[in-house]
Structure formats: structure tokens, C-alpha cells
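What follows is a single structure, written as C-alpha cells, with notes after it.
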Amino acid sequence: MMFNYLPEDLVVEILSRVPAVSLARLRSTSKKWNALIKDGRLAKKHSANAPRHSMALVLIDHMVYSVRSNLPEIHNNVAPFVSVTCHFSLKERLSKHFSTEVDIRDVFHCDGLLLCTTKDYRLVVWNPCSGETRWIQPRDSYKKDDCYALGRSSCNKYKILRQELLINPSQESYVYNIVGEDFLINNNQERYEYEIYDFTSNSWRGVGVTTGLFNPNITTGMSVNGIIYWFDITEQFLLSFDFSTERFGSESLPEDDSHLALSVTRQGKQLCMLSTHSSYVTETNVNLWIATKSENTGAMSWRKFPILHGVGLRYRYHFREGVSFFAYQVKEKIVLVSCHRPNRYSKNIIHIVKHGKFIELDHHGAKPTHEWSPIPLLLLYVPSLVQIQHGI
């Protein structure tokens with residue numbers, strides 16, 4: 001009630017220092033609060049003043065949920081607790097007075113925004129905190145084999161990278177090989193082409209680059225400081241796309257390990273990688289790698305953190321293709337939170353590794369509803385009031 005008697009500029013200044021998640025809860029209290037939280041003035045000040053705290057989200061059965069836990073306390077011998085709650089509902093407005101919830105197939109996070117591919121293969125950019133959405137229209141039509149990634153350039157402009165699978169091209173053409181020389185492909189060979197969506201002009205344009213099939217799904221990649229990274233199909237290189245220069249590149253990966261998944265640190269500033277190394281037929285080591293880029297040369301180096309040693313067959317199913325994760329330090333120790341469904345009958349999907357021990361959790365809240373549910377996806381999200389750029 002007191003805020004009703006304060007100047008609006010002062011209210012904006014006060015709220016700009018409140019975490020985005022707390023402000024999001026006010027949206028449903030009144031139309032006035034909802035309008036203020038979506039106001040561009042508050043979004044700009046909030047970006048400069050508010051603390052940045054990451055939170056975990058998980059995609060289960062085409063819906064996004066928040067993940068609550070007591071992980072910062074588990075170094076005090078407190079039993080780990082994880083709860084999958086607070087369903088974030090992605091709405092599509094069908095008329096002035098009616099909207100419907102949309103099922104989500106894939107999610108890609110970048111600096112407070114989620115790029116979502118819907119179950120019917122449409123594309124939408126969504127800020128779960130403010131509720132703002134922007135539906136992206138394709139140049140021609142949506143295709144189920146298309147993949148998308150969201151990034152932000154050095155001038156704070158969001159862009160979408162589209163990866164389109166071409167089958168049986170009509171004519172021969174030179175293909176750009178990211179990790180080597182250019183090479184010629186045959187008429188019947190599949191390849192990928194790329195487009196950029198510009199939010200300012202509200203349009204798609206070609207990148208002028210075509211790659212061979214060594215370049216897999218970019219949706220499995222990770223966006224860090226304006227660059228998206230993802231594995232090549234051989235797992236020998238880390239491929240990249242810089243949203244500022246709009247150029248592809250590659251980075252070397254640690255040898256001898258099988259590279260499983262990418263993530264980011266809790267602050268979202270450093271790239272992380274989960275890998276396994278089989279030393280014996282029945283035993284596997286699980287490692288976490290954190291990347292550092294040289295400010296002078298731009299070269300990437302990796303620091304290794306052993307997570308599990310001598311993992312048997314029982315737990316090997318948790319650390320395989322499709323796993324998602326995040327990690328952080330608790331008193332100089334790495335705590336790893338992983339998400340996978342080891343078999344189609346398993347309902348518990350979130351697990352913890354601490355002090356070299358794998359802990360299976362019977363987590364509370366939402367779980368896969370049936371045996372054919374899609375593989376769940378765990379990701380770190382940095383809540384923000386950032387506004388989606390609108391075209392001219």
C-alpha cells in the first residue's frame with residue numbers, strides 16, 4: 001500500500017535492486033504491478049542494479065519447472081533435498097481474453113531469455129520472469145529437423161542461429177569445413193545451412209556458410225559470453241559460433257575422454273564439460289572440466305576436476321548421451337547435479353555427486369508421467385527482466 005503514495009521513479013529505483021524472481025511473484029497481484037515489471041525503465045535499471053543469482057530449471061514432459069534444493073547446506077552433513085516445483089507456464093494468446101498453454105519440445109537459454117521450440121515445431125522467445133513472449137516467424141516454414149540457438153552480440157543485440165538440414169541438394173557446391181580445409185560434396189550428400197534471425201529487422205538472412213554432417217545439433221550447445229559452443233560429431237573438437245562476428249570456429253578438447261554434455265558455471269561466465277574415461281572394462285571415471293579463455297590470445301584451456309572414480313555398470317547409465325548437469329563449489333569441493341533417465345520406467349531423474357559419492361534422490365514434485373516421456377533437460381537460468389527486442 002505504501003508504494004501507491006511514492007513517486008513512480010522512486011518505486012522503479014527501489015524495485016531495480018530486488019531479485020527478478022521476487023519481482024516475478026508480483027505480476028499476478030495486480031495489472032499495475034504487471035505493467036510496471038514489464039516497463040522498459042525498470043528492466044534497464046534492474047540489469048545494472050539487481051544481484052544476479054542463477055536458478056535451476058528442468059524440462060519435463062514438455063513443461064518447464066524450477067528446481068529447489070538445499071545443496072549449499074549439504075557440506076554440513078545435511079541430507080540432500082531436491083524439489084521440482086513452480087511450473088512456469090508458456091502461454092500463447094489466441095484472442096484478447098483467451099490464451100492457452102503451449103507444450104515445449106526444446107529449450108535454449110541465453111542471458112535471461114529462453115528460446116523454445118514447441119511440440120508442433122514453432123519458435124518462441126520467452127522471459128519466464130516478466131512473462132513476455134515473441135513468436136518468431138520462419139522465412140518459409142518450420143521443419144522438424146531444424147535446430148535453433150539463441151545468442152547475444154557484443155552490442156547487446158539478441159540473435160537466433162538456425163541450422164537447417166538439406167537432403168539431396170540439387171547441385172554440387174563447396175562446403176565450409178570448420179575444422180579443416182574446404183571440400184566438395186556430391187549431389188546426394190546431406191548438409192547443413194545456416195541463417196540468422198535479426199530481432200531489429202524482424203527477418204532472417206543467410207550466413208553464407210554450409211557445413212557437412214560432422215556438425216551435429218546446435219540445440220545441444222551452450223551460450224557463453226556471446227558465443228555458442230557444441231560438440232562435433234567425432235567429439236574431437238568443440239565447434240563455436242560468435243554472434244558478434246557471425247563467424248564459425250573450433251576449439252580443441254581434452255584427449256582420451258568421452259565428452260558427454262556442456263553446461264556453464266553458476267554465474268554463467270565459464271563453460272563446463274562433463275566427460276567419462278573408461279580405464280577398465282567395467283569401470284568408468286567421471287570428470288568435470290572448466291574452460292578458461294586467454295584475454296590476450298583467445299586460446300581455450302581446460303582445468304580438470306575428478307568427480308567419480310571407478311563407476312560401475314549400475315551408474316554408468318546415468319552418465320551417457322542425453323545427460324544434462326550443472327556444478328558448483330561448496331567449501332572447495334565440487335558438487336555435481338545431473339539429470340537423466342537411466343531407463344524408461346525411472347521416475348527419479350535428478351541426482352547428486354558430492355565428495356566422490358553418487359547419491360540417488362527420490363526428489364519431490366514433478367516427474368515423468370509415462371514410460372515414453374522425452375529425456376528431461378536440466379539447465380541453469382539467470383532470472384532477468386531483460387526485454388525482448390522488437391522489430392521495426
Side-chain angles (χ1 to χ4, degrees), residues 20-38 43 55-68 82-138 141-144 146-150 158 160 197 199 219 324 339 341 344 347 349-350 363-390:
V21 174
S22 300
L23 291 179
R25 300 190 185 104
L26 297 175
R27 288 179 47 223
S28 60
T29 58
S30 71
K31 290 183 178 180
K32 181 178 179 180
W33 279 111
N34 189 40
L36 182 59
I37 290 171
K38 291 183 176 182
M55 63 183 294
L57 300 180
V58 62
L59 178 66
I60 301 176
D61 284 345
H62 308 294
M63 296 182 181
V64 174
Y65 300 87
S66 65
V67 179
R68 296 179 57 198
V82 171
S83 177
V84 179
T85 57
C86 189
H87 170 213
F88 287 92
S89 181
L90 174 59
K91 298 283 189 177
E92 180 180 15
R93 184 169 294 280
L94 302 179
S95 66
K96 183 178 180 180
H97 302 290
F98 181 71
S99 61
T100 184
E101 185 167 0
V102 179
D103 287 339
I104 302 171
R105 181 178 297 271
D106 288 312
V107 173
F108 194 99
H109 169 242
C110 177
D111 296 337
L113 298 181
L114 299 181
L115 176 65
C116 303
T117 305
T118 65
K119 193 175 179 181
D120 56 356
Y121 300 105
R122 293 180 297 152
L123 198 64
V124 58
V125 181
W126 176 35
N127 185 330
C129 279
S130 68
E132 184 184 13
T133 60
R134 178 171 175 178
W135 291 88
I136 307 299
Q137 300 304 316
S141 62
Y142 291 109
K143 301 181 180 68
K144 68 177 184 178
D146 288 354
C147 300
Y148 304 91
L150 180 66
Y158 285 93
I160 299 173
Y197 180 83
F199 284 80
T219 308
S324 50
C339 178
R341 202 174 183 192
R344 66 187 186 184
K347 297 293 185 181
I349 58 173
I350 299 177
H363 69 267
H364 301 265
K367 299 181 181 182
T369 56
H370 53 83
E371 60 187 83
W372 301 113
S373 294
I375 296 175
L377 175 67
L378 180 71
L379 69 150
L380 278 180
Y381 169 70
V382 181
S384 169
L385 297 184
V386 61
Q387 292 187 310
I388 304 171
Q389 301 155 6
H390 288 275

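- Crowding of Lys119 atom NZ: a count of heavy atoms from other residues, nucleotides or ligands under 6.0 Å not exceeding 12.
- Atom-to-atom distance recorded for Ile104:CD1 and Ile60:CD1 is 12.0 Å, nearest 0.5 angstrom.
- Using a 4.5 Å heavy-atom cutoff, the side chains of Tyr158 and Cys110 are in contact.
- With contacts defined as side-chain heavy-atom distances shorter than 4.5 Å, the pair Leu115/Leu123 qualifies.
- When all heavy atoms are compared, the tightest approach of Ile350 to Cys339 is CG1-SG, 4.4 Å.
- Note that the OG1 atom of Thr85 and the OH atom of Tyr65 stand 10.5 Å from one another [nearest 0.5 Å].
- To the nearest 0.5 Å, atom OG of residue Ser130 and atom CD1 of residue Ile388 are 6.5 Å apart.
- Under a cut-off of 6.0 angstrom, the local environment of CZ in Arg68 is sparse, with at most 12 non-hydrogen atoms contributed by other residues, nucleotides or ligands.
- Of the possible donor and acceptor atoms, none in the side chain of Ser384 sits under 3.5 Å from a partner among the backbone N and O of Gly112.
- A heavy-atom distance below 4.5 Å is not found between the side chains of Phe88 and Cys129.
- Val102 places a side-chain heavy atom less than 4.5 Å from the side chain of Trp135.
- One distance of note links CH2 of Trp126 with NE2 of His109; it measures 12.0 Å at 0.5 Å rounding.
- In this structure a side-chain-to-backbone donor-acceptor pair under 3.5 Å is present from Asn127 to Val386.
- Here the closest heavy-atom approach between residue Leu150 and residue Phe108 is recorded as O-CE2, 3.2 Å.
- Separating the NE2 atom in His62 from the SG atom in Cys116 is a distance of 13.0 Å, to the nearest 0.5 Å.
- Side-chain contact between Asp103 and Arg105: absent, with no pair of heavy atoms (C-beta onward) separated by less than 4.5 Å.
- Across all their heavy atoms, Ser141 and Asp146 have their closest contact at O-OD2, 4.5 Å.
- Using a 4.5 Å heavy-atom cutoff, the side chains of Thr117 and Val124 are not in contact.
- Judged by the 6.0 Å distance and 45° axis criteria, Arg93 is not positioned over the aromatic ring of Phe98.
- Remark: Asp106 engages no residue in a salt bridge (Lys or Arg N to Asp or Glu O under 4.0 Å) (not counting sequence neighbours).
- Atoms OG1 and CG, on Thr100 and Leu90 in that order, are 10.0 Å from each other to the nearest 0.5 Å.
- Looking at Tyr148, its side chain never comes within 3.5 Å of a backbone N or O of Ile160 through a donor-acceptor pair.
- Under the 4.5 Å side-chain criterion, counting only non-hydrogen atoms from C-beta, Val64 is not in contact with Val58.
- Partners of Glu101 according to the side chain to side chain donor-acceptor pair (under 3.5 Å) rule, which considers only residues two or more places apart in sequence or in another chain, are His87.
- When side chains are defined from C-beta on, Leu114 counts as touching Leu57, because their heavy atoms get closer than 4.5 Å.
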Intermediate values then yes/no, side chain to side chain contact (heavy atoms under 4.5 Å, CB included), Val382 and Asp111: CA-CA 6 Å; Val382 181; Asp111 296 337; over 6 Å; no
